[in-house]
Structures are given as C-alpha cells and as structure tokens.
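Notes follow the structure.
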Amino acid sequence: MEITMTVNGAEYTRDVEPRMLLIHFLRDELELTGSHWGCDTSNCGACVIWLDGAPLKSCTALAAMAGGRDIRTVEGLERDGELDVVQQGFIACHGLQCGFCTPGMMMTARWLLDRIPDPADAEIREAISGQICRCTGYENIVRSVRWAAAHSRGAAGPDGSGAHEVTV
Amino acid sequence: MQVPSHVEYERATSVEHALELLARFGPESRVLAGGHSLIPMMKLRLAQPETLIDINGISGLSRIAMEGDELRIGALVRHAQLLDSALAGEHFPVLHDAERVIADPIVRNWGTIGGSLCQADPSEDLSAVFGAIRATAVIQGRDGARAVPVREFHLGPYETVVAPDELLTELRVPIRPGGGSAYEKVARRVGDWSVAAAGAVIWLDPASGTPTVSEAGIGLAAVGAGHFVAEEAEDFLRGQPVSDEMFARAGQIAAEHCTPSADQRGPADYKRHLTGELTTRALRRAAARACGQEA
Ligand SMILES: Cc1cc2nc3c(=O)[nH]c(=O)nc-3n(C[C@H](O)[C@H](O)[C@H](O)COP(=O)(O)OP(=O)(O)OC[C@H]3O[C@@H](n4cnc5c(N)ncnc54)[C@H](O)[C@@H]3O)c2cc1C
Ligand code: FES
Ligand code: FES
C-alpha cells in the first residue's frame with residue numbers, strides 16, 4: 001500500500017507492506033537510522049519518536065498507522081544546524097555512553113520540557129520510566145535533562161533567576 | 001526480529017464505516033485501536049488477523065464528559081487522557097490511581113481504554129477498575145447499540161461479549177455522591193503488569209456515630225477473580241461499620257475467593273496474600289477519601 005507522511009518537516013511517500021513496523025519504515029525505507037530498534041517487547045524505548053506531537057514507541061505501531069500524520073525523530077531535534085538544548089545537555093552532562101538509548105531518551109526529554117519547562121527530578125524519572133539505559137545508571141540522563149531545563153530560553157529570567165544551579 | 005505476518009489494512013472514518021468494514025472482511029478482521037496489545041501479539045503470532053480495521057481516525061470516540069448523572073468515557077480515550085482528566089479524577093480517584101501505574105508514560109499516550117477492556121488480558125488493570133465502579137459498556141453493532149455491565153463483559157481470558165462485527169464505543173459510570181475510591185497495585189518493576197492489584201469504591205452512610213458502608217465495589221486484577229471482582233467481600237461489607245478490622249476481613253474474603261496461578265510474576269500463595277493486603281489498603285484509602293480525609 002502507498003503511504004505518505006511528514007517526517008521532520010519533509011513529506012515522504014513509499015509503497016510498503018501493511019505489516020511493516022514504523023521503526024523499520026523509518027530506518028530501512030527512509031534511512032533515518034537515528035531512531036534505534038532494541039527489543040521485541042515494547043519495553044526499551046530506544047525507538048521513541050513523536051507521532052502528531054506525542055511520543056510513541058515506533059516498534060509498537062505500523063507504518064500504515066502513521067499515514068497522513070506528522071512525525072518527528074531525533075534527526076529533527078536540531079534546528080538550522082544548532083543542536084537542541086536537550087542534545088547539548090546530554091553532551092554537557094555525559095548523558096550517554098554507548099548511545100543506544102539516547103535517541104529515545106532525548107525525544108522524551110524534549111516532550112517533557114515542552115510540557116513542564118522546569119521538571120523536578122521525580123518528573124524526569126517518571127517521564128523516562130518506560131525506557132531502558134544499560135550504561136549510565138540514569139543519573140547522568142536526569143542531570144542532562146535538568147541542564148537542558150536550566151539552559152532553555154525562558155526557563156531563566158534575564159538575571160538568571162529561576163534557573164537551577166547546574167553542576168557539570 | 002519479530003514482525004507481524006502478512007495482513008491487510010483498512011481505515012475506518014466513522015463508527016458506521018468501521019462496522020461496515022468489519023462485516024465486509026468478516027471474523028478474520030480485527031479492530032486496531034492503540035495497537036499496544038494487538039501489535040505485540042501479532043509479532044508473537046499469537047494473533048494473525050487477515051485485515052486490520054484502524055479506528056484511530058474516528059472522531060467522537062475520544063470524549064470524557066458528564067451526561068446526566070453518568071461519567072462517559074469514549075473507547076478511543078487514551079490512558080494519558082484519562083490520567084489528565086480532572087473530571088474523571090474528581091469523581092473516581094481510582095481511575096487516576098490506576099492510570100498512574102498502567103504501563104509507562106509513552107505507552108499511555110497510545111493505549112486506549114476500549115482496547116484495554118477488549119483485550120481482556122487477565123492482568124488488565126482497567127477491567128478491575130471498571131468492574132469495581134460498576135461501569136456499563138456500550139457496544140455498537142449494525143443493528144444498533146446494546147449496553148452490557150462490565151461485570152458481564154468478560155467471558156474469560158482474552159474473550160469478551162463483543163462479537164467480531166461489533167465495536168465497543170463507550171463506558172458509562174453512574175455517579176453517586178458520598179463515595180471514595182482507590183487502587184493499589186504491586187508490580188515487579190515500574191511499568192510492569194500487576195503481580196496483583198485491587199481497586200475499591202465505597203459509599204458511606206454517615207447517619208449515626210460511626211459511618212456504615214452503604215455500598216462497596218471491589219475489583220481485582222491478575223489473580224483469577226471471576227469477572228475481575230470480589231463479590232463475596234462486597235456482600236460482607238454492606239451495612240458494616242467502617243473500621244480497619246472490617247476492611248481486613250473483607251480483604252481476607254477476597255483472598256479466599258480468588259484463584260491466582262503461579263507464573264513468572266510469582267507463586268500463587270504470594271498473589272493470594274497480596275490480594276488480601278491490597279484489598280484492605282484500597283478499602284482503607286477509599287473510605288478515607290469518602291470522609292474527605294485524603295485527597
Ligand atoms: C510495555 C507495555 C506495558 C503495559 N503494561 C500494562 C499494565 O501495567 N496494565 C495494563 O492494564 N495494561 C498494560 N499494557 C496494555 C495497554 O494498556 C494496552 O494499551 C491496552 O491493553 C490495549 O489498548 P490498545 O488501544 O493498544 O488496544 P489494541 O492493541 O489496539 O487492541 C487490543 C484488542 O482489543 C480490540 N479492540 C480495541 N479497541 C476496540 C473497540 N473499540 N471495539 C472492539 N474491539 C476493540 C482489538 O481488536 C484487539 O483485539 C501494557 C502494554 C505495553 C505495550
Ligand atoms: S524497540 Fe521499541 S520499545 Fe524496544
Ligand atoms: S547509553 Fe548505553 S544504553 Fe543508554
């Protein structure tokens with residue numbers, strides 16, 4: 001069947017089998033290999049992308065279901081060559097080691113900060129609770145998200161008030 | 001790599017259209033809502049439908065609203081939407097308690113209320129919740145709609161009264177003032193299915209000194225309770241004065257009457273023990289909320 005969808009602002013049309021999972025469509029058909037595929041049980045979250053603005057485990061949806069809809073992947077985080085503040089946070093705070101979980105973690109983090117610009121640690125941990133990291137012990141991921149919150153435009157007042165103190 | 005086997009895909013644009021597609025493609029077709037139970041089952045080849053009827057594009061099934069003295073929840077309402085609904089939480093805190101511990105925030109963005117009930121997994125948390133609060137399921141067929149109490153909805157594991165050519169469209173919950181409700185779940189780790197879980201709703205009659213229980217509902221998940229409820233414990237509670245001792249006895253009765261089986265989540269006696277304890281805790285919290293003592 002033929003499906004058309006918008007991914008990171010560009011429109012793509014492909015002929016696919018209805019049984020194709022969205023993660024495989026993104027990686028194999030569109031060659032957007034930033035999103036990872038890490039399990040068969042919907043548990044790891046390496047595949048998290050946004051579908052119509054809400055994070056989705058793209059291994060648990062068919063590409064066909066995304067037809068006519070809007071997708072954002074980790075490749076769509078950077079704008080005009082500038083990394084998203086979440087990506088900068090992961091660099092600044094060593095939020096990754098092997099990097100396998102990172103695309104999903106960052107997509108969820110971006111979504112969290114859009115909804116809750118200044119989340120508490122508990123809110124960050126809750127947001128990523130459906131995602132598994134085998135390297136970092138999560139501590140640095142939480143720190144990275146906090147860094148991103150503190151360095152987001154609007155999170156801090158002109159004099160820096162409202163920003164968390166962040167140690168890198 | 002696990003992927004579904006060959007399948008056809010159709011999109012329904014309205015309830016009528018979905019029913020027409022289900023009739024046209026016959027019993028080998030399956031409704032596709034959030035897909036968060038069906039797609040994993042298809043990957044494992046535990047489900048091999050010939051045609052999927054995607055109902056995500058149907059508008060009008062995603063509503064949470066009060067109508068008369070009923071709370072109405074559309075079948076396509078997502079877990080996250082129910083968790084965010086102040087209206088649902090105000091009338092039945094048990095819905096919010098349960099939604100906080102169903103899967104994880106990402107899964108909750110897409111899994112639906114209707115899909116949860118129709119999946120009829122013996123561990124489905126919402127089956128216990130909607131059983132406890134005595135919801136009614138509205139099932140639409142080509143000849144019209146029928147209303148079935150959730151306590152008669154499940155025929156067994158993965159089996160419901162919804163026929164292959166029918167659609168669950170809505171859940172309706174009667175509202176009565178003076179009640180309180182709560183949900184208690186034990187899982188091996190955050191986001192996992194219940195080892196055991198109990199939901200309780202309780203209405204108090206404050207007439208004389210110690211309030212008495214005028215009505216109670218108790219739902220159980222993952223422990224083999226008939227229709228996901230603990231009727232014997234509910235019968236025991238009606239008319240009893242509110243006390244920790246009564247709630248502990250009700251918990252014992254619920255534990256005696258459930259039929260848990262041993263699996264990778266734990267042995268049967270542990271699940272039975274949890275059933276008693278979680279029922280007691282849910283009742284205590286529900287009663288405290290009914291008395292306005294706990295948010
Ligand atoms: C990682 C993970 C963890 C989870 N943890 C939990 C948990 O802790 N507790 C819990 O309760 N659940 C849990 N779930 C299940 C989750 O709640 C599912 O979303 C839900 O069970 C099914 O909803 P769905 O919309 O995805 O249904 P689908 O997968 O689309 O459908 C499920 C079944 O219902 C049928 N169906 C769906 N909608 C209708 C309708 N309107 N009318 C008729 N038939 C219909 C389908 O044909 C299919 O047979 C988990 C799921 C995942 C992936
Ligand atoms: S690949 Fe999607 S959750 Fe693991
Ligand atoms: S950085 Fe290796 S899994 Fe998270």
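Here is how names work: the chains are called A, B, and so on, in the same order as the sequence lines, proteins then strands, and each is numbered from 1.
- Proximity to chain B involves both the backbone and the side chain of A/L56, based on heavy atoms less than 4.5 angstrom apart.
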inquiry  = Working note: B/L117 + B/S127, criterion side chain to side chain contact (heavy atoms under 4.5 Å, CB included); need CA distance, chi angles, decisive distance, verdict.
reply    = CA-CA 6 Å; B/L117 280 178; B/S127 300; 3.6 Å; yes
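- For A/M1, the part lying near chain B is the side chain, with the backbone staying farther off; criterion is any non-hydrogen pair under 4.5 Å.
- In terms of heavy-atom pairs under 4.5 angstrom with chain A, the leader among B/L52, B/D192, B/D104 is B/D104.
- Judged by distance alone, with hydrogens and angles left aside, the side-chain atoms of B/H36 form no donor-acceptor pair with the main-chain N or O of B/S116 at under 3.5 Å.
- At least one donor-acceptor pair under 3.5 Å links the side chain of B/R289 to the backbone N or O of B/S181.
- Most heavy-atom pairs under 4.5 Å with chain B, from the set A/M20, A/H24, A/E17: that is A/H24.
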request  = Walk me through it: do B/L32 and B/I55 pass the test side chain to side chain contact (heavy atoms under 4.5 Å, CB included)?
outcome  = CA-CA 6 Å; B/L32 174 66; B/I55 61 170; over 6 Å; no
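- One N or O on the side chain of A/R69 and one on the backbone of A/M65 form a donor-acceptor pair closer than 3.5 Å.
- B/S194 and B/S123 share no side-chain donor-acceptor pair at under 3.5 Å.
- Interface summary for chain A: among B/R108, B/H6, B/Q2, the most heavy-atom pairs under 4.5 angstrom belong to B/Q2.
- When heavy atoms are compared at a cutoff of 4.5 Å, A/A54 approaches chain B by way of both its backbone and its side chain.
- If you measure heavy-atom distances from A/E126 to chain B, the contacts under 4.5 Å come from both the backbone and the side chain.
- Of the listed residues (A/T41, A/V48, A/I128, A/L62), the one with the most heavy-atom contacts under 4.5 Å to chain B is A/L62.
- Highest contact tally toward chain A, considering only B/R11, B/M42, B/R189, is held by B/R11 [criterion: heavy-atom pairs under 4.5 Å].
- Checked by atom type and distance alone, the side chain of A/D70 never pairs as donor or acceptor with a backbone atom of A/D52 at under 3.5 Å.
- Neither the backbone nor the side chain of A/R125 comes within less than 4.5 Å of any heavy atom in chain B.
- Screening A/L26, A/T33, A/D28 against A/L30 for a side chain to side chain contact (heavy atoms under 4.5 Å, CB included) leaves a single residue, A/L26.
- Highest contact tally toward chain A, considering only B/S5, B/A80, B/P40, B/A103, is held by B/S5 [criterion: heavy-atom pairs under 4.5 Å].
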